[in-house]
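Worksheet: one structure, shown below.
Proteins come first, then strands; the chains are lettered A, B, ... in the order of their sequence lines, and each starts at number 1. Since the model is a prediction, treat every value here as computed from it, not as a measurement. As a basis for the values below, the full set of heavy atoms in this structure was taken, side chains included, without hydrogen atoms, waters or symmetry mates.
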2 protein chains.
Amino acid sequence: MKEGPDIALLGSLIGDPARANMLTALMTGKALTASELSYEAGITLPTASAHLKKLQAASLISQRKSGRHKYFALADDEVGAVLEAIMGLAAKRGLLRTRTGPKDAALRRARVCYNHLAGELGVHIYDGMIARNYILADDDSLHLTDNGKAFVSGFGIDVDRLQNNRRPLCKSCLDWSARRSHLAGGLGTALLDRMFELGWASREKSSRVVKFTQQGEKQLLEQFAS
Amino acid sequence: MKEGPDIALLGSLIGDPARANMLTALMTGKALTASELSYEAGITLPTASAHLKKLQAASLISQRKSGRHKYFALADDEVGAVLEAIMGLAAKRGLLRTRTGPKDAALRRARVCYNHLAGELGVHIYDGMIARNYILADDDSLHLTDNGKAFVSGFGIDVDRLQNNRRPLCKSCLDWSARRSHLAGGLGTALLDRMFELGWASREKSSRVVKFTQQGEKQLLEQFAS
DNA sequence: TTCATAGTTTGATCATAAACGAAGTATTAT
DNA sequence: ATAATACTTCGTTTATGATCAAACTATGAA
């Protein structure tokens, strides 16, 4: 009965509503200040501070001080992936926090998953890149093929710089709404950033929703078609 | 801030030590009675009963009544996968419940992950089957190739019967110790069962450890070599 | 029938930890 | 300097929920 890692501690950290709200807010990928997080969670600053301390102690979040502000973010991709997985389980069990609101359709369509694109459009990209042999689901990890490298470069991304990074280039991440994989890792982040750069899409304020322009969505569907 | 599914509820369910112990015990894949679970969790029967009711309400476990016994099990593979993912995160953060005990090496080597094989040997099987093109990591899901089907049949598994099942045949599941994928799904279960049948390995009582015989391990390493 | 075992329900107790106000530190703005 | 903002620390209050004993239901055994 005392085997393996302590899931109870992690569970209880995620299990508090205030902390869960903070973590969900951080799933937007943006680094947020303690004040912003306290607002998101609907609690006062002192309470938020205590919560953040606990999350930090478990290395679920990272912090960076900038002047009198303190910015918090998810510690790494894996934390985001696990949160997304838990959301998937919760969604499937019908444990939805609110009745399906107006935002939900948009969330399912395209949203940010910590730092990369999730939702139907995220899955579309993943499927397209697999179908065209840009990505190879070899072994456990994903690999970018030479074809894929050419394509991504043509899309305006500096692949070599990414590869020099310690961060894994390609990773798959399971989608809670579509229940399919989408692309995470350095490349996933770079692709999303580039799409913002190209003006294909923009972020909705304090939300995970990624709003594509009509043109942007058309381009995405074409250029990443299977 | 009120987007998406309610992760706090799931988190708090997993976050209680007693419930976490029960869920961990159920990760052995065996169905356990309420009494057994109360013993595993170190609590009295009434308390356990209350916990099980909550887990049931969230559809994390299933129950089956047999005479005056009530058997509990994890609701499905997805629950097991998420628990394993959380263990992975916890392990990486160094949130280990106990100092690395004698069982830990055995656990890393081979253990049961709900109903299939995990640990180094589980990963070995997965790698071997991928390398030999028995399994194709296509798209999101895994497919069993014709070669693979022949191999598995030769191993003594009735593939057709498995395929008629509603349950997905192949799924990958992330390993918390090896941080690599291993084979889950109907085929994963069937393979493990067959290995027990062949006498390659046996279960350690009330533990996730799968103990391979010297011969069994040798066979496994050879027959599933990359 | 009577007894024993398995599990549930109820009610009371108790500990934990979430919450906030107030006071304290640190950084920036005026 | 003074003030304002951003965050932390401390101490107190409060509510939640985990726990168990005792009583209750249901199934099986003698």
Between [N] ([atom2]) and [X] ([atom1]): distance, integer Å:
| X | N | atom1 | atom2 | answer |
| --- | --- | --- | --- | --- |
| B:Arg68 | C:dT5 | CZ | C1' | 4 Å |
| A:Leu9 | C:dT16 | CG | C1' | 15 Å |
| B:Tyr39 | D:dC20 | OH | C1' | 19 Å |
| B:Ile61 | C:dG7 | CD1 | P | 13 Å |
| A:Arg64 | D:dA6 | CZ | C1' | 15 Å |
| A:Asp16 | C:dA18 | CG | P | 5 Å |
| A:Leu37 | C:dA19 | CG | P | 14 Å |
| B:Leu52 | C:dT9 | CG | C1' | 15 Å |

Quiz item: About how many Å separate CG of A:Leu23 and CG of A:Leu37, when rounded to the nearest 0.5 Å?
Solution: 9.0 Å

Self-check item: Rounded distance [0.5 Å steps], CD in B:Glu217 versus CZ in B:Arg109
Solution: 4.0 Å

Quiz item: Hey, which of these two, A:His51 or B:Pro46, hits DNA chain C nearer its 5' end, going by closest nucleotide?
Solution: B:Pro46

Self-check item: Along DNA chain C (nearest heavy atom to each residue), the more 5'-positioned of A:Leu45 and A:Lys65
Solution: A:Leu45

Quiz item: Counting any heavy atom closer than 4.0 Å, what does A:Ala50 reach on the DNA or RNA strands: base, sugar-phosphate only, or nothing?
Solution: nothing

Quiz prompt | Sugar-phosphate, base or nothing in reach of B:Ala18, heavy atoms under 4.0 Å | solution = sugar-phosphate

What nucleotide, of [options], holds the atom closest to the side chain of [X]?
| X | options | answer |
| --- | --- | --- |
| A:Lys70 | D:dT19, C:dA6, D:dC7 | D:dC7 |
| A:Lys54 | C:dA17, C:dT28, C:dT5 | C:dA17 |
| A:Lys53 | C:dT9, D:dT9, D:dT19 | D:dT9 |
| A:Ser49 | D:dA6, D:dT9, D:dG28 | D:dT9 |

Practice problem: Might you point out which heavy atoms bring A:Ala25 and A:Glu40 nearest each other, and give the distance in Å? | Solution: CB-CG, 3.9 Å

Quiz item: For A:Lys211, does the NZ atom sit with more than 12 other heavy atoms under 6.0 Å from it, leaving out its own atoms?
Solution: no

Tell me whether the side-chain N/O atoms of [X] come closer than 4.0 Å to OP1 or OP2 in [N].
| X | N | answer |
| --- | --- | --- |
| A:Arg19 | C:dA18 | yes |
| A:Ser35 | D:dA6 | no |
| A:Thr47 | C:dA18 | no |
| A:Thr44 | C:dA19 | no |

Quiz prompt | Side-chain touch A:Leu83/A:Ile14, heavy atoms, less than 4.5 angstrom | solution = yes

